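This one's a predicted model, so the numbers in the text were calculated from it and none came from an experiment. Residue numbers start from 1 in every chain, and the chains themselves are labelled A, B, ... in the order their sequence lines are given, proteins ahead of strands.
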Protein chains: 2
Amino acid sequence: MGMRLKVAKEKWNGQITGTKEQRSAKLRAILNVAARSFLEKGYHKTSLDDIAKLQNVTKPTLYYYIKNKEDILIQCEKIAMAQINLFIDTIEKSNDIGFKKLQNFIAGYIDLVMDDIIRCHIQHRGQMKDPIAKEKSLDYHRDIEHRVRKIIAEAIADHSVRNCNPTIIAILLFDSLNGISAWYRKEGTVNKEDLKKEALSLLTKGLVSQN
Amino acid sequence: MGMRLKVAKEKWNGQITGTKEQRSAKLRAILNVAARSFLEKGYHKTSLDDIAKLQNVTKPTLYYYIKNKEDILIQCEKIAMAQINLFIDTIEKSNDIGFKKLQNFIAGYIDLVMDDIIRCHIQHRGQMKDPIAKEKSLDYHRDIEHRVRKIIAEAIADHSVRNCNPTIIAILLFDSLNGISAWYRKEGTVNKEDLKKEALSLLTKGLVSQN
DNA sequence: AATTTTAGTTACTATCCAGTAACACTATAT
DNA sequence: ATATAGTGTTACTGGATAGTAACTAAAATT
């Protein structure tokens with residue numbers, strides 16, 4: 001399996017890896033810079049030449065790793081979905097009461113929406129041109145929403161969460177948390193732990209004074 | 001002031017108006033179909049020919065009413081901002097306690113995010129290519145957010161809302177409410193009054209059971 | 001050493017689409 | 001009636017950019 005090893009090692013963030021790992025590392029590097037650029041400038045305002053330049057390669061090289069531009073979105077989504085589902089798995093497996101599960105979900109999901117690839121997925125899901133890819137993307141999201149809906153329903157059943165409409169509440173929960181992915185910046189003025197604390201108390205205790 | 005009156009009357013949704021009103025009605029009609037199309041297909045996937053076709057005119061005619069494609073976004077924003085600011089005016093003017101003001105804001109804002117032009121503004125703000133327009137758009141939004149922040153701070157001061165960080169809470173409030181604009185459909189399964197009720201109780205009482 | 005696979009290049013095509021130039025019609029004002 | 005201003009058309013230009021063809025080269029396989 002041949003490649004220009006020395007050059008590749010230097011160019012692609014210097015990791016010395018096996019060849020297969022190297023290939024997927026390069027794909028991952030493409031997805032990462034693409035995701036960041038899509039978030040900053042938008043999908044349509046980011047050209048494949050832009051992405052290529054950020055990797056010090058030319059556009060046709062990208063086609064060695066991706067099928068087409070939209071494939072970047074699809075691959076990002078795949079990674080994002082795996083991570084999110086894995087995260088919800090751990091929450092489901094726990095023996096916490098429903099309310100505690102929801103608290104853990106909120107806190108953990110805020111960590112997830114700081115990741116560029118997950119943010120890219122959140123902001124571009126369902127926007128694929130290819131109708132099959134689009135439908136799959138929307139299905140993915142419905143699945144996730146459904147899992148959270150189930151956790152909410154469970155929490156209502158064990159009386160740790162007040163009676164409410166789990167469908168609507170799940171959507172609103174995602175609205176508020178996904179919204180974070182659009183504005184949050186590590187370098188920004190809002191501290192991550194403060195954000196977590198405020199989001200948790202808003203969504204669990206609400207605004208009303210406890211007097 | 002000349003125009004093909006009969007034709008125009010039929011084409012542009014049949015309203016018989018004075019000529020000046022007719023002109024701005026046509027502009028408004030353009031903005032409305034454009035906004036709807038931007039929301040459904042996205043800004044970049046909507047061509048000016050698409051918009052023109054929806055109005056039974058040709059593309060160059062649009063340029064009689066708008067400066068360029070981006071100008072549609074800017075004009076929608078202007079209308080949206082006026083409406084939102086007017087709405088916040090009425091809330092500020094009331095003599096309600098802070099908490100009641102926030103309840104009114106949440107309920108009223110949900111009404112606003114059902115309007116196509118406001119939804120278009122919410123989903124495209126800050127995405128203008130022209131740096132001046134972009135900055136203005138972000139400023140607009142900062143202003144609105146600041147006004148809500150002030151209402152929250154006031155509500156904390158009068159002890160009708162629990163102690164929290166008004167800056168972060170204002171952002172999270174907008175995240176959850178603006179999120180609605182992305183998915184809500186009049187024809188959809190979620191009832192508007194249910195949505196309002198659930199959003200109000202989530203944001204004011206939180207999830208936790210009241211036992 | 002010869003061959004194949006992987007990785008990359010330059011140079012091109014094809015398409016889409018925003019924006020414009022030049023021209024045509026209609027109604028009102030003079 | 002005729003000029004004029006407002007409204008609209010057809011036909012075009014120009015720029016951006018997704019995707020491809022054809023080629024080069026290095027490394028691994030044989």
Side-chain angles (χ1 to χ4, degrees), chain A residues 1-13 15-30 34 37-38 41-74 127-130 133, chain B residues 1-12 16-30 34 37-38 41-74 127-130 133:
Chain A
M1 196 184 198
M3 74 171 50
R4 296 170 226 176
L5 258 185
K6 279 165 199 165
V7 174
K9 272 179 191 167
E10 282 156 25
K11 275 194 181 171
W12 297 75
N13 80 2
Q15 282 175 12
I16 297 160
T17 54
T19 49
K20 275 171 201 160
E21 288 75 22
Q22 206 167 65
R23 188 184 157 82
S24 69
K26 286 183 185 183
L27 170 60
R28 188 58 181 254
I30 289 170
S37 188
F38 290 166
K41 308 201 306 178
Y43 178 75
H44 293 279
K45 279 174 225 154
T46 301
S47 72
L48 287 174
D49 279 320
D50 290 339
I51 297 168
K53 203 162 281 172
L54 288 166
Q55 293 292 350
N56 293 315
V57 292
T58 56
K59 180 173 51 165
T61 300
L62 297 182
Y63 283 84
Y64 192 77
Y65 297 92
I66 58 166
K67 231 180 89 226
N68 50 44
K69 193 181 183 185
E70 190 158 290
D71 192 39
I72 297 176
L73 249 34
I74 293 168
Q127 299 193 7
M128 294 83 181
K129 233 196 263 174
D130 175 40
Chain B
M1 200 185 193
M3 72 171 53
R4 296 171 225 175
L5 256 185
K6 279 164 198 165
V7 174
K9 271 179 191 167
E10 281 155 27
K11 277 191 182 173
W12 298 76
I16 297 158
T17 53
T19 49
K20 274 170 202 161
E21 288 75 21
Q22 206 167 65
R23 189 184 156 80
S24 68
K26 287 182 186 186
L27 170 61
R28 188 57 181 254
I30 290 170
S37 188
F38 291 167
K41 308 203 305 179
Y43 178 75
H44 293 279
K45 280 173 225 155
T46 301
S47 73
L48 287 174
D49 279 320
D50 290 337
I51 297 167
K53 203 163 282 174
L54 287 166
Q55 293 292 351
N56 294 315
V57 291
T58 55
K59 181 171 53 164
T61 300
L62 298 182
Y63 283 84
Y64 192 78
Y65 297 93
I66 58 166
K67 231 181 89 225
N68 51 43
K69 194 181 182 185
E70 192 159 290
D71 192 38
I72 297 176
L73 250 33
I74 293 168
Q127 298 192 9
M128 295 81 181
K129 236 197 263 176
D130 175 41

Worksheet item: Can you name the side-chain hydrogen bond (donor to acceptor under 3.5 Å, both in side chains) partners of A:D49, sequence neighbours left out?
Response: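 For A:D49 there are no side-chain hydrogen bond (donor to acceptor under 3.5 Å, both in side chains) partners, ignoring immediate neighbours.
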
Item to complete: Would you indicate whether A:K45, at its atom NZ, is surrounded by more than 12 heavy atoms from other residues, nucleotides or ligands within a distance under 6.0 Å?
Response: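 Above 12, so yes.
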
Discussion item. Does B:K53, at its NZ atom, have more than 12 non-hydrogen atoms belonging to other residues, nucleotides or ligands within less than 6.0 Å?
Written reply: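 Open.
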
Set out, line by line, the N/O atom pairs under 3.5 Å between protein and nucleotides 19-21 of chain C.
| residue | atom | partner | partner atom | Å |
| --- | --- | --- | --- | --- |
| C:dG19 | OP2 | B:Y63 | OH | 3.0 |
| C:dG19 | OP2 | B:K69 | N | 2.9 |
| C:dG19 | O5' | B:Y63 | OH | 3.3 |
| C:dG19 | N7 | B:K59 | NZ | 3.1 |
| C:dG19 | O6 | B:K59 | NZ | 2.8 |

Worksheet entry | Side-chain heavy atoms of A:L48 within contact of A:Y63, under 4.5 Å |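 Yes, side chains in contact.
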
Could you tell me how far apart [X] ([atom1]) and [N] ([atom2]) are, to the nearest whole angstrom?
X	N	atom1	atom2	value
B:D49	D:dG8	CG	P	16 Å
A:I72	D:dG19	CD1	C1'	13 Å
A:Y43	D:dT17	OH	C1'	12 Å
A:I66	D:dT20	CD1	P	11 Å
A:H44	D:dA18	NE2	P	10 Å
A:R23	C:dG8	CZ	P	9 Å
B:M128	C:dA18	CE	P	16 Å
A:K129	D:dT17	NZ	P	14 Å

Worksheet item: Among A:K41, A:K59, A:K69, which one satisfies salt bridge (Lys or Arg N to Asp or Glu O under 4.0 Å) with A:D50?
Response: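 Answer after filtering A:K41, A:K59, A:K69: A:K41.
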
Worksheet entry | Options C:dA7, D:dA18, C:dA18, nucleotide nearest the side-chain atoms of B:S47 |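 Nearest to the side-chain atoms of B:S47, counting from C-beta on, is C:dA18.
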
Worksheet entry | Nearest atoms (heavy-atom pairs only) where B:L27 meets B:Y65 |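 Taking B:L27 first and B:Y65 second, the nearest heavy atoms are CD1-O, 3.7 Å.
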
Practice prompt. Look at A:Y64 and C:dA7 and indicate whether a side-chain polar atom (N or O) is within less than 4.0 Å of OP1 or OP2.
Written response: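 It does, given that an N or O in the side chain of A:Y64 lies less than 4.0 Å from OP1 or OP2 of C:dA7.
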
Practice prompt. With rounding to the nearest 0.5 Å, note down the distance linking CD1 in A:I51 to CD1 in A:I30.
Written response: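 Between atom CD1 of A:I51 and atom CD1 of A:I30 there are 8.5 Å.
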
Discussion item. Applying a 4.0 Å non-hydrogen cut-off, can you work out what A:T58 is touching in the nucleic acid: base, sugar-phosphate, or nothing?
Written reply: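 Touches a base.
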
